[in-house]
Visitor: 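Dropping a structure here in structure tokens format, bear with me for questions.
Bear in mind the structure is a predicted one, so any value in this text is a computation, not a measurement. Chain naming here is simple, since letters A, B, ... match the order of the sequence lines and numbering starts at 1 in each. Note: hydrogens, waters and symmetry copies are ignored here, and every other heavy atom, side chains too, is used.
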Amino acid sequence: MTDQIRCRFAPSPTGFLHVGSARTALFNWLFARATGGTFVLRIEDTDGDRNRLELIDVIFEELQWLGIDWDEGPLYQSENRERHRQVVSDMVGRGHAYLVNADNEVVDQTELLADHAVRFRVPKDETVAFDDAVRGEVSFETNDLEDFVIWRSNGSPTFLLANAVDDADMGITHAIRGEDLLSSTPKVQLLLQEMGAVSPVYGHLPLLVNEQRKKLSKRRDDVSIADYRSRGYLPEAMRNYLALLGWGPDDDIEIRPIAEIINKFDLSRVNKAAAFFDVAKLDHFSATYIQALSEDDFVAQALPFLQADERFADGAVDPAAVAMFGSEVQQRVSKLADVGDWYEWIFVDEVTFDEKSFAKGLVKANKGDEVLAGVIEAFETCEWRADVLNEAVRSVGDHLEVRSQVPVRVAVTGKQGGIPLFEPVEWLGRERTLARLRQARERLASV
RNA sequence: GCCCCCAUCGUCCAGCGGCCUAGGACGCCUGCCUUUCACGCAGGUAACACGGGUUCAAAUCCCGUUGGGGGUACCA
């Protein structure tokens with residue numbers, strides 16, 4: 001049981017889950033699942049900011065949404081305050097750490113004092129080396145390290161101290177985290193060493209970067225998992241995509257069930273170079289997962305997004321109609337928030353013309369007005385059935401020797417592209433369709 | 001500045017000394033399908049940063065250069 005792997009995801013309670021953090025959580029989870037190890041969730045609330053519990057819940061929700069479950073925890077670092085204090089106090093007692101006042105002047109005391117911070121006494125002329133699980137041998141000289149703070153003057157431990165103590169206490173065997181923490185590793189190792197604790201194996205994941213190749217930042221970049229969730233990306237797609245940032249299976253198959261990913265995952269084969277979070281590729285993954293949904297499932301998942309879509313009046317979205325054209329929409333979207341684009345003309349009272357479409361599909365179209373006139377005439381009396389409507393439009397086009405569908409489509413939907421036209425038109429009904437056709441003709445005449 | 005890390009198509013990965021005239025995916029382009037758009041299918045475009053070694057043989061190992069990034073807080 002001693003070689004049982006234990007890894008952890010240790011976010012700080014910021015109130016949202018960053019895509020980079022999510023990737024870190026995912027890799028830890030994959031590693032645990034791949035090795036039969038234990039995945040622990042620990043909240044690094046070193047400031048003891050427990051009144052922000054609801055912010056922590058957001059992180060749990062996003063992890064659950066991604067299908068990342070944990071075996072132990074959540075544990076709160078703030079609950080180990082006394083233990084942390086004891087460790088710091090012991091270090092001071094042993095002379096391996098010292099007090100410092102508000103002006104950063106050394107205070108010669110062997111007991112912890114209020115309003116005094118504690119700095120760790122970094123040994124001189126030593127080399128701290130460790131074998132990083134993804135990077136291999138990494139080493140630092142202690143002479144390059146300053147005596148860092150391990151205990152704040154407000155009576156709380158710093159990340160460095162709490163991290164070292166908790167990993168040791170929890171028997172964490174592998175600490176897999178972002179590369180931004182690489183240079184803090186020697187400090188943690190020094191702490192561990194001083195405590196006489198065994199160091200976990202560290203594995204530093206390559207950073208996720210933006211197009212400028214800078215670390216993804218909350219301010220500049222679109223980084224909240226919640227945002228992607230609210231845009232209707234499927235969690236399986238997001239998880240699959242995230243798994244491929246910094247790692248790839250040796251058989252080149254990218255989109256695959258999570259069980260296979262777990263099977264193929266190998267921490268030692270994780271990349272070292274930073275990766276760009278490419279939304280275009282995410283879109284492709286998401287589209288693929290959406291297409292794989294059953295039609296019923298797609299409709300059920302799309303409905304809430306349509307109902308929340310501000311383009312539609314209350315009650316305008318007819319679930320039966322959504323279901324009727326569901327499969328056509330399903331193969332055209334990459335995220336659920338986009339379904340409204342395809343249903344828009346169907347559920348809206350008055351279509352808004354896309355200027356480019358209107359110009360191309362009607363103004364510049366060959367005999368656009370004549371097509372509309374012919375179709376209006378046919379639609380006034382023909383049987384109101386999709387196939388009949390389709391034939392009528394074709395026949396008008398044949399007589400005029402032009403392609404007649406696009407002008408009609410633009411007139412009725414306001415746009416050039418879209419799902420097959422005639423079934424929705426049948427659903428729309430004669431009156432509304434005719435009204436749109438006539439309105440388009442008037443608009444055309446006024447150009 | 002100092003410390004550390006990194007370097008294969010525009011992007012994400014495969015490649016772990018010979019199978020590489022470098023493979024897959026996204027994107028982009030072309031064609032097919034289709035009186036719309038998309039899906040699908042078939043093609044195409046495009047990379048081992050540079051310079052030295054080591055070796056019979058290097059994208060793969062070593063060194064250097066250049067470039068990029070991270071850290072350098074009583075944030076984590």
Visitor: Does a side-chain N or O of A/Arg403 approach OP1 or OP2 of B/rU36 to a distance below 4.0 Å, or not?
Guide: yes
Visitor: Distance check, P atoms only: B/rA47 and B/rC41, in whole angstrom units.
Guide: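 It works out to 26 Å between them.
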Visitor: Looking at the base of B/rC37, is there any donor atom on it, or on the side chain of A/Arg332, that sits under 3.5 Å from an acceptor on the other one?
Guide: yes
Visitor: Which is it for A/Glu79 and A/Arg81 under the salt bridge (charged side-chain N to carboxylate O under 4.0 Å, His left out) test, yes or no, and what are the steps along the way?
Guide: CA-CA 6 Å; A/Glu79 286 172 358; A/Arg81 178 62 49 85; over 6 Å; no
Visitor: Taking the C1' atom of each, how far is B/rC61 from B/rG15, in whole Å?
Guide: 15 Å
Visitor: Below the 4.0 Å mark, does B/rG71 have OP1 or OP2 next to a side-chain nitrogen or oxygen of A/Lys215?
Guide: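 So the side-chain polar atoms of A/Lys215 do come within 4.0 Å of the phosphate oxygens OP1 or OP2 of B/rG71, strictly under.
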Visitor: Exactly one of A/Arg332, A/Lys415, A/Arg311 should register a salt bridge (charged side-chain N to carboxylate O under 4.0 Å, His left out) with A/Asp341. Which one does?
Guide: A/Arg311
Visitor: Would you mind reading off the distance between A/Leu242 atom CG and B/rU11 atom P, rounded to a whole angstrom?
Guide: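 The distance from CG of A/Leu242 to P of B/rU11 comes to 20 Å, rounded to the nearest Å.
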Visitor: Output the rounded distance in Å from CG (A/Asn210) to P (B/rG10).
Guide: 19 Å
Visitor: For the side chain of A/Lys281, starting at C-beta, report the closest nucleotide among B/rA25, B/rA7, B/rG27.
Guide: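 Selected nucleotide: B/rA25.
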Visitor: Separation of A/Glu146 atom CD from B/rC74 atom C1', in whole Å?
Guide: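 Those two atoms, CD and C1', are 13 Å apart.
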Visitor: Is any side-chain N or O of A/Arg119 closer than 4.0 Å to OP1 or OP2 of B/rC74?
Guide: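 For A/Arg119, the contact criterion (side-chain N or O under 4.0 Å from OP1 or OP2 of B/rC74) is met.
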Visitor: Base, sugar-phosphate, or nothing: which does A/Ala287 touch, judged by heavy atoms less than 4.0 Å apart?
Guide: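 Contact class for A/Ala287: none.
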Visitor: With both distances kept under 3.5 Å, what pairs with B/rC2, Watson-Crick or G-U wobble?
Guide: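 The base-pairing partner of B/rC2, which may sit in any strand shown, is B/rG71.
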Visitor: Under 4.0 angstrom, heavy atoms only, what part of the nucleic acid is A/Arg135 near: base, sugar-phosphate, or nothing?
Guide: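 Touches sugar-phosphate only.
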Visitor: Check whether the ring centres of A/Trp70 and A/Phe60 lie less than 6.0 Å apart, and answer yes or no.
Guide: yes
Visitor: Counting side-chain heavy atoms from CB outward, which of B/rC74, B/rG69, B/rC16 is closest to A/Arg213?
Guide: B/rG69
Visitor: Starting from P on B/rU11, measure out to CG on A/Asp278 and report it in whole angstrom.
Guide: 10 Å
Visitor: Against A/Arg8, only a single residue in A/Asp167, A/Asp169, A/Asp166 fulfils salt bridge (charged side-chain N to carboxylate O under 4.0 Å, His left out); can you say which?
Guide: A/Asp167
Visitor: Do A/Trp384 and A/Phe379 have their ring centres less than 6.0 Å from each other?
Guide: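 Aromatic pair counts; centres sit under 6.0 Å.
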Visitor: With a 4.0 Å limit, can you tell me whether A/Lys214 has a side-chain N or O closer than that to the phosphate oxygens OP1/OP2 of B/rG69?
Guide: yes
Visitor: Measure NE2/A/His84 against P/B/rA76 and give the value in whole Å, please.
Guide: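 Going from A/His84 (NE2) to B/rA76 (P), I get 12 Å.
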